[in-house]
Amino acid sequence: MKYTVEKVTTLIGARRIGNTDANIGWLLTDSRSLCFPEETLFFAIRTERNDGHRYIPELYRRGVRNFVVEKVPEDGAALFPGTNFLKVVRPIEALQRLAERHRDEFGIPVIGITGSNGKTVVKEWLYQLLSPSFVVTRSPRSYNSQVGVPLSVWLMHEHTQIGIFEAGISEPGEMSALHDIIQPTIGVITNIGDAHQENFNTLEDKCNEKLKLFRDSKVIVYPADNHVIARCVEASGYRGRRVAWSATDPRAALYVKNISKTGTTTTVTYIYKGIEARYELPFIDEASVENSITCAAVALHIGLSHDTLATRMAAIEPVAMRLEVKEGRHGCTLINDSYNSDINSLDIALDFMNRRPDHAGRRRTLILSDICQSGKNGAELYTEVSGLARKRGVEKLIGIGTDITAYADRIDINEKHFFSDTDTFVASDVFRSLRDEVILLKGARCFCFDRLTELLEQKVHETILEVNLDAVVNNLNHFRSFLKPDTKIVCMVKANAYGSGAVEVAKTLQNHRVDYLAVAVADEGVTLRKAGITANIMIMNPEMTAFKTMFDYDLEPEVYSFRLLDALIAAAGKEGITGYPVHIKLDTGMHRLGFNPETDIDRLIKRLKGQNAIIPRSVFSHFVGSDSDDFDTFSAMQFERFDKASRKLQEAFTHKILRHIDNSAGIEHFPERQLDMCRLGLGLYGIDSRDNSIINNVCTLKTTILQLRNVPKDETVGYSRRGILTRDSVIAAIPIGYADGLNRHLGRGHGYCLVNGKRAPYVGNICMDVAMIDVTDIDCHEGDTVEIFGDNLPVTVLSDILDTIPYEVLTGVSERVKRVYFY
Ligand SMILES: *Cc1c(COP(=O)(O)O)cnc(C)c1O
């Protein structure tokens, strides 16, 4: 459904400057996601951190001609001919208004889902339950914010029969806007818990805010056994129909009479409208069972028969929330999105692939199965797929399935191949000849793309370090929240990004527009450049032998001594370089590296002013103890020294020299000392060095049980007979040893890992490549996963046992441990 720009102007009450005709099909709030410039309307949203107006020139260059703005750029008509500027007071509100008007066009059931947990799973499962019978439009992934919800609602099209949208809030007052946009006819609340509690006084406050989403719904579905929710619904004066479900109250609309579990399935017996029925669910965990009951209540209300519900429940699939990036064979990178095969999630995955910086010259390949249940006819659908893929830079498309094959002529991509099924593809030359490509795999589950991924993947090691890139972003934002909007950030990706892997982490950070990346040595910088990183890169320990490399790869060295400074000036001079940016380090108390702020500064200024090969881009120092209050007096002294000397340096130059001293702990503890820029290290990887707590865990080191054996009492385990057994024991061998970074001091019962959630102590000495653990009291099997540290066992537990700091444990994970990244 397209709207003329004229109509949009009226709908959002804008003042239009410019009179070019245009049809709007796409709404854009993030310039990186641009796909169809001619039909795109960009909303220049101002946030605490960013300002969309900045991206207008870039988007104009890329062909966008329609902008919703707060301020029309100066000389807009002259600089951007042929453009429509729609001027409004707040572009984000205009976006919401437009989505609201779009929603008004539909007199169909719209399901609004809120709650603390399970929103996305309930949304996806409802989609699985309903989409065989209806054309459903739903929020992509978890687009549930003030911006995500309008973008989701905008996706409803002329064939849509049911809408399903998530609404997430983090602060009081947000739900009202989401209510107007979604206008749910069926409200669903999953549960209520502590997420985002910091902005609410009580659980009731939060629940009441959430219930605002449903004030005009015809029906609400909720768990009556949750007393907070039940009380709040009662008190809300809600007049519509209540479909409460309960496992304790037979009067509830959906009474869950019995829940029984066997091995891998759960049978739920329920009574709805006086009829007793049951369904089987292929999951046994508590959350899944609860989510399935919520879904059942909605589906029954919509009119699904008991039989249909049971059939579809039995086939319900897990919701993969992760988009994985893996190293493939023959130089390929695999982006595995098993989320779902539909056009909206395809677009998001393509966008993700397209945004990742990558080696120049590597082809982008899409392996795509038939797309099911779009409500569009095949010709229309695959034409759209082709358009999206082309715009997102796909150069090769491999279609798998009879449907996509039938519409092969609609796919307008340079190189294309079609196969009726996955096996035929695997047996083909096309499969064998995949080389040096970035491959996006997107397939409906029935096409078994898991097998494909397995075949394409480099041999998976049993010990892996899983790296959660979303957590990196959340940590970045956590620390940004302490800073003023225009304070710059250097992200420390030295030591292979504290062990997590510099390239993928740097790609993620660059995508979030951090100002600088910092590595220790020039080679680390070169690796990043070769991987396509274009952000500014600082080299903290530049080697005298690597100046030429730094110039060639645009790496900006730190300078800490006159010897280094003179050598650098000479090297730059020899290359005929002028104005090369460097970063001046002052030693304010660490007594490691740096110029003396008292005695060196005049000479430093004189030396810098007497040449033009390099210029100071920034000046900085480092706290010795920002992580502990014990050193507050010393930190204050360090700051004073730095402040004085760095001001003096600045005064000697007319250009701006960025001043920075705060590291992660400093950002939190001394935000008033943020100056122009901060250097974020450990915090990015989720550890708060002030109290050793975990902010958002990034790295999880995992392995598997290789072998289990029963070993009798009084036998010993491992080298030098140090693991003496005091009882008959079950001992598991795991393929990780000190050569992988598992510190030998954790052995002999000093440390433990987790097996199926339970603690398993290390028995005897840890070997080079293998360790033994005691699993006598744990129900486990060969092949089970073992967590060395991570999501459930904080790395700080290990560093405390080892009497060291988490930095050492993280950076100690050796290079041979394969890193697996996910979003
Ligand atoms: C490593 C490093 C940082 C980051 O410190 P964290 O405690 O990890 O935040 C900051 N500045 C310098 C100079 C560093 O070497």
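For ligands, and for the atoms within them, numbers begin at 1 and follow the listed sequence.
- For the salt bridge (Lys or Arg N to Asp or Glu O under 4.0 Å) condition, the pairs that include at least one residue of residues 738-762, sequence neighbours left out, are Asp740-Arg816.
- Residues forming a side chain to side chain contact (heavy atoms under 4.5 Å, CB included) with Glu58 (at least two apart in sequence, or on another chain): Ser31, Tyr55, Arg61, Arg62.
- Geometric assessment of Arg607 against the ring of Phe562 yields a negative cation-pi assignment under the 6.0 Å and 45° thresholds.
- A cation-pi contact links Arg673 to Phe639, judged by a cut-off of 6.0 Å to the six-membered ring centre and 45° from its axis.
- With Asp676 as reference, Lys656 is the one residue of Arg617, Lys488, Lys484, Lys656 to meet the salt bridge (Lys or Arg N to Asp or Glu O under 4.0 Å) rule.
- Contacts classified as salt bridge (Lys or Arg N to Asp or Glu O under 4.0 Å) and involving residues 532-554 (residues at least two apart or in different chains) are given here: Lys548-Asp552.
- Under 4.0 Å from any atom of ligand 1, one finds heavy atoms of residues Met492, Lys494, Tyr498, Met540, His622, Asn663, Ser664, Arg679, Gly681, Leu682, Tyr807.
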